Amino acid sequence: MADIPLINYRNIRLGKVEKLRELGINPFRSKCSRTHYADSIIKDFESMEGQTVTVAGRLMSWRPHGKLTFCHVQDQTERMQILFHKKELGETDLSLKNLGYSDLKLLDVGDFIEITGSVMKTQKGEITVLANSLKMLTKSIRPLPDKWSGLKDREAILRRRYLDTTIKPGNKDHFEAIARMLFATRKFLDDRGFLEFTTPVLQPQYGGGTAKPFITRVNALDCDMYLSISHELYLKRLIAAGFDKVYTIGKYFRNEGIDKQHHPEFSMIETMTAYENYEYNMDLIEDLFRYIAEQAFGKMEFNVQGHTIDFGKPWKRISMVDAVLEATGRDFRKFKTVEEANAFLTSLESEEPVAPQASIGHALAAAFEIKVEPTLIEPTLLYGQPMEISPLAKPMDDDPGFAERFEIFIGGMECGDNWSEQNDPVHLLECWKENFRRKDLNPEEFHPLDLDFVEVLEYGMPPTTGIGPGVERMAMIFSEKDNIDDVIFFPMMKPHVSPINAIIYEVDQLEDFRGKEVETTGEDMALSMHDFSELLSDKIISPESTELTIYPYLQVWEKPSAKGQWKATGYLDMDGFFKNKKVRIVGYTAKSDKKSEIDAEKEAFRIFIEQSLSKTIRQYFNADAYDIKIAEVKIIR
RNA sequence: GGUCCCUUAGCUCAAUUGGCAGAGCAAUUGACUCUUAAUCAAUAGGUUGAAGGUUCGAUUCCUUCAGGGAUCACCA
């Protein structure tokens with residue numbers, strides 16, 4: 001293990017931690033007496049020159065030069081050059097916990113330090129703090145990535161964004177701007193009399209939208225809940241309660257595909273305004289974008305997907321029928337039957353064949369997606385979606401086939417869906433029955449209705465309209481990024497332990513485990529099959545008794561998953577390795593489309609135990625000396 | 001979920017047709033009073049993502065697995 005370089009680097013630095021402690025200096029000090037940030041010293045150098053300041057931050061570079069050492073310390077604002085001069089800094093002073101010149105070798109790039117000294121300019125003209133005292137704040141025991149090339153591996157950047165951001169401070173400006181964007185949004189809405197509310201993330205129903213939800217379990221209530229796929233029904237309850245302008249910046253969870261524009265967990269600015277219709281929101285959203293551009297980003301022109309977009313200009317507003325008419329020359333208002341509309345749809349030139357649609361409205365939407373959507377680069381408010389695809393919106397008074405609804409397109413990307421909310425409870429109920437409860441629908445299209453919300457409407461909700469621009473999509477536009485991972489500081493990643501960390505930390509864990517008197521802990525131990533066989537092969541654990549008994553358990557899920565798959569997971573407890581203590585081995589999973597096949601997994605599980613587990617045990621110990629009994633597989637539901 | 005691609009030292013990257021795994025930065029030791037990707041000298045550093053297979057020989061070819069990326073489907 002010592003021949004792994006990182007472990008050597010780590011040990012060298014851990015040695016420095018020990019040396020500091022021996023000197024009487026805390027390598028992880030809690031107190032810091034910063035008086036100035038780097039940028040304020042640089043900005044006001046004229047008045048700061050010669051003054052004594054205390055700066056603090058991360059050590060980013062190190063240039064020893066005999067009795068003189070230059071380095072850069074980076075705080076939240078800037079990098080500041082520090083000059084250590086042997087005579088100025090002096091020697092380590094334990095009464096003040098100051099590190100002296102001859103102990104500078106205990107510092108490493110990556111450490112957090114505090115420096116007190118006078119502001120000066122070097123001979124080459126760089127503003128510098130000439131240090132007369134130095135305190136260690138936090139010792140870093142892993143080397144930072146190369147300061148010049150930084151992190152390039154996408155996975156490393158996403159998993160360890162804190163490192164990428166440390167090395168590329170420009171990255172910090174980018175995320176700061178996104179934070180300012182949310183601040184500007186709140187300011188904008190507050191100025192217009194909106195109240196911000198929080199709404200539940202754990203919801204008993206998943207109303208609004210056809211997305212697939214995440215399901216979770218509330219133990220205290222002994223029931224399943226859904227992670228919010230929408231917050232609108234709660235905002236509407238607030239409207240019914242008598243608040244006229246409300247909003248939430250909510251978390252949304254959708255258990256669907258992940259790509260450059262979609263993330264399972266995202267945020268949306270959702271508003272509800274009473275006594276207004278969708279036309280009010282067209283103005284609101286346009287003003288909001290203009291305000292954010294100016295206040296948070298200080299400019300009006302942005303490069304989105306290779307196109308320059310000017311938020312200073314008024315946005316294009318067009319109905320879906322007119323947009324398709326403009327692009328194809330055909331007027332969907334003139335189609336009388338679905339067949340006619342579908343015939344037209346198939347005549348359109350598109351790369352993929354177009355499936356026949358269920359209604360004229362669906363056909364219109366399909367034609368729009370193929371021919372118009374990719375061309376909507378300039379900010380466009382597209383209104384008048386057919387009612388067939390907008391079951392929860394209000395129909396237009398003068399043309400009831402179309403909804404009082406609009407979508408926002410910028411750079412060919414949909415950035416929000418907005419409408420006059422349907423507040424006729426009878427109509428809503430009918431609509432839901434018509435669209436989501438038909439027997440011919442498969443389970444994926446089936447969609448629950450929040451009956452409690454229908455009751456709200458029966459008591460009455462005034463005319464209401466809302467907007468819902470996505471935070472990440474706005475951030476992508478304003479910060480000119482084309483990947484959603486670049487605007488989410490912590491994008492979702494599958495858990496992964498790097499091999500090097502497995503070596504560094506697992507061995508430590510094993511040492512803990514070895515050091516314990518396992519017989520007296522009374523705690524059972526859960527291991528994966530892989531870990532178990534590793535422990536056996538390393539002779540870290542071995543049977544205590546010559547009699548080994550294996551108790552297999554198969555847990556069968558009572559309900560199929562969203563995909564209709566039945567699932568069973570197996571684990572087993574084993575007696576005979578420790579006194580009064582079982583070893584639990586986890587990790588057998590089976591899935592099947594049919595419930596009956598899962599019941600048959602019992603036998604497959606038993607074979608798995610006999611072949612895989614027994615083989616592993618026999619491989620490392622004299623098989624004849626041990627009596628291995630396998631109990632009947634117990635099924636838990 | 002489908003298809004294609006990627007994974008070599010802490011970081012960034014090499015390695016010819018399957019033939020001794022190599023460099024820069026970082027690290028360690030030493031020198032150095034204005035450097036700034038400091039410089040100079042020396043030293044050390046590898047589970048080539050994991051497991052298996054083919055081969056005299058595998059970073060390279062094959063299989064499985066893990067993670068990541070691109071793209072399609074679903075969606076905002």
Side-chain angles (χ1 to χ4, degrees), chain A residues 1-13 15-16 60-72 79 81-88 101 105 108-110 120-126 128 130 140-160 163-164 167 208-212 229-230 252-264 266-268 270 351-352 407-409 413-417 444-445 468-474 476 483-485 491 493-504 530 533 562-563 565:
Chain A
M1 134 158 184
D3 27 8
I4 292 172
L6 178 63
I7 293 177
N8 288 333
Y9 299 147
R10 198 166 167 271
N11 286 340
I12 288 165
R13 291 191 179 204
K16 293 181 183 179
M60 296 305 288
S61 64
W62 192 246
R63 294 180 295 281
H65 216 91
K67 296 186 178 66
L68 211 56
T69 296
F70 292 91
C71 66
H72 277 101
R79 280 184 192 182
Q81 181 166 266
I82 309 293
L83 174 54
F84 294 114
H85 192 292
K86 193 173 182 184
K87 278 185 189 156
E88 291 288 332
Y101 200 89
K105 59 182 182 296
D108 285 292
V109 168
M120 56 162 289
K121 225 176 220 182
T122 59
Q123 286 175 16
K124 291 280 166 67
E126 181 166 348
T128 300
L130 175 62
S140 157
I141 62 167
R142 280 208 193 208
L144 290 180
D146 184 272
K147 62 177 180 260
W148 197 242
S149 53
L151 284 178
K152 293 225 170 121
D153 179 51
R154 185 78 179 154
E155 184 175 357
I157 290 172
L158 298 182
R159 281 191 196 277
R160 294 197 280 272
L163 279 185
D164 191 46
I167 294 163
T210 53
K212 291 191 199 82
I229 63 167
S230 164
Y252 294 70
F253 303 87
R254 303 206 171 167
N255 208 346
E256 279 153 11
I258 301 175
D259 59 37
K260 283 161 95 171
Q261 294 180 4
H262 296 86
H263 194 257
F266 63 103
S267 306
M268 220 147 82
E270 194 152 6
E351 288 172 19
E352 298 282 320
E407 289 167 286
I408 308 152
F409 290 93
M413 187 161 69
E414 203 204 312
C415 293
D417 200 356
E444 296 223 343
E445 285 171 281
V471 170
E472 288 78 12
R473 297 230 170 144
M474 284 166 72
M476 285 166 73
N483 195 322
I484 198 164
D485 287 343
M493 301 290 274
K494 209 162 175 174
H496 182 66
V497 179
S498 68
I500 192 91
N501 279 350
I503 293 168
I504 292 175
H530 176 80
S533 90
K563 286 178 195 156
Q565 283 200 316

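Remember, it's a predicted structure, so these values are computed and weren't measured experimentally. Naming convention: chains lettered A, B, ... in sequence-line order (proteins, then strands); numbering from 1 in each chain.
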Open item on the list: Counting only Watson-Crick pairs (N1-N3 plus N6-O4 or O6-N4) and G-U wobbles (N1-O2, O6-N3), all under 3.5 Å, who is the partner of C56(B)?
Closed with: G19(B)

- [ ] Select base, sugar-phosphate, or nothing to describe what Leu158(A) touches, counting heavy atoms under 4.0 Å on all strands.
- [x] sugar-phosphate

Open item on the list: Taking only side-chain N and O atoms of Arg10(A), does any of them lie within less than 4.0 angstrom of OP1 or OP2 on G10(B)?
Closed with: no

Task: N/O donor-acceptor pair, side chain Asp164(A) with base C11(B), under 3.5 angstrom - done: no

Task: Touch class at under 4.0 angstrom, heavy-atom based, for Leu151(A) against every strand present - done: sugar-phosphate

Open item on the list: Regarding Gly470(A), tell me which of base, sugar-phosphate or nothing describes its non-hydrogen contacts under 4.0 Å with the strands shown.
Closed with: nothing

Open item on the list: Both distances below 3.5 Å, Watson-Crick or wobble geometry, any strand: find the nucleotide opposite A70(B).
Closed with: U3(B)

Task: Side chain of Gln81(A) - closest among U36(B), U47(B), U33(B) - done: U36(B)

- [ ] Go through the steps to decide whether Arg63(A) and Thr69(A) satisfy the test side chain to side chain donor-acceptor pair (under 3.5 Å), and finish with yes or no.
- [x] CA-CA 6 Å; Arg63(A) 294 180 295 281; Thr69(A) 296; over 6 Å; no

TODO: Would you mind telling me which of G49(B), A76(B), U28(B) lies closest to the side-chain atoms of Lys16(A)?
DONE: U28(B)

Open item on the list: Once you apply a heavy-atom cut-off of 4.0 Å, does Asp259(A) come out as touching a base, just sugar-phosphate, or nothing?
Closed with: base

- [ ] Indicate whether Tyr252(A) forms a stack on A76(B); treat it as stacked only if centroid distance is below 5.5 angstrom and interplanar angle below 30 degrees.
- [x] no

Task: Among A27(B), U33(B), A76(B), the one nearest Lys67(A) by side-chain distance - done: U33(B)

Task: Proximity to the side chain of Lys494(A) - top-ranked nucleotide from U12(B), A9(B), G67(B) - done: G67(B)

Open item on the list: Counting the atoms with a prime plus P, OP1 and OP2 as sugar-phosphate, which does Arg159(A) contact under 4.0 Å by heavy atoms, base, sugar-phosphate, or nothing?
Closed with: sugar-phosphate

Task: Complementary nucleotide of C65(B), counting Watson-Crick and G-U pairs under 3.5 Å - done: G49(B)

Open item on the list: Considering every strand and a 4.0 Å limit on heavy-atom distances, what is the contact class for Lys260(A): base, sugar-phosphate, or nothing?
Closed with: sugar-phosphate

Open item on the list: Mind checking if His65(A) touches a base, just sugar-phosphate, or nothing, with heavy atoms under 4.0 Å?
Closed with: base

Task: Under 4.0 angstrom between Lys147(A) side-chain N/O and A38(B) OP1 or OP2 - done: yes

Open item on the list: Counting only side-chain heavy atoms from C-beta out, which of A27(B), C74(B), G69(B) sits nearest to Asp485(A)?
Closed with: G69(B)

TODO: Kindly check if the number of other-residue, nucleotide or ligand heavy atoms within 6.0 Å of CZ (Arg160(A)) is above 12?
DONE: no

- [ ] Side chain of Lys152(A) only, please: which of U28(B), U33(B), U12(B) is the nearest?
- [x] U12(B)

Open item on the list: The side chain of His496(A) is closest to which nucleotide in this list: U36(B), U33(B), G67(B)?
Closed with: G67(B)

- [ ] If U43(B) has a Watson-Crick or G-U wobble mate with both distances under 3.5 Å, name it; if not, just say none.
- [x] A27(B)

TODO: Identify whether any heavy atom of Gly150(A) sits under 4.0 Å from a base atom; if not, whether one sits that close to sugar-phosphate; answer base, sugar-phosphate or nothing.
DONE: sugar-phosphate

TODO: For the side chain of Asp146(A), starting at C-beta, report the closest nucleotide among A38(B), U28(B), C11(B).
DONE: C11(B)

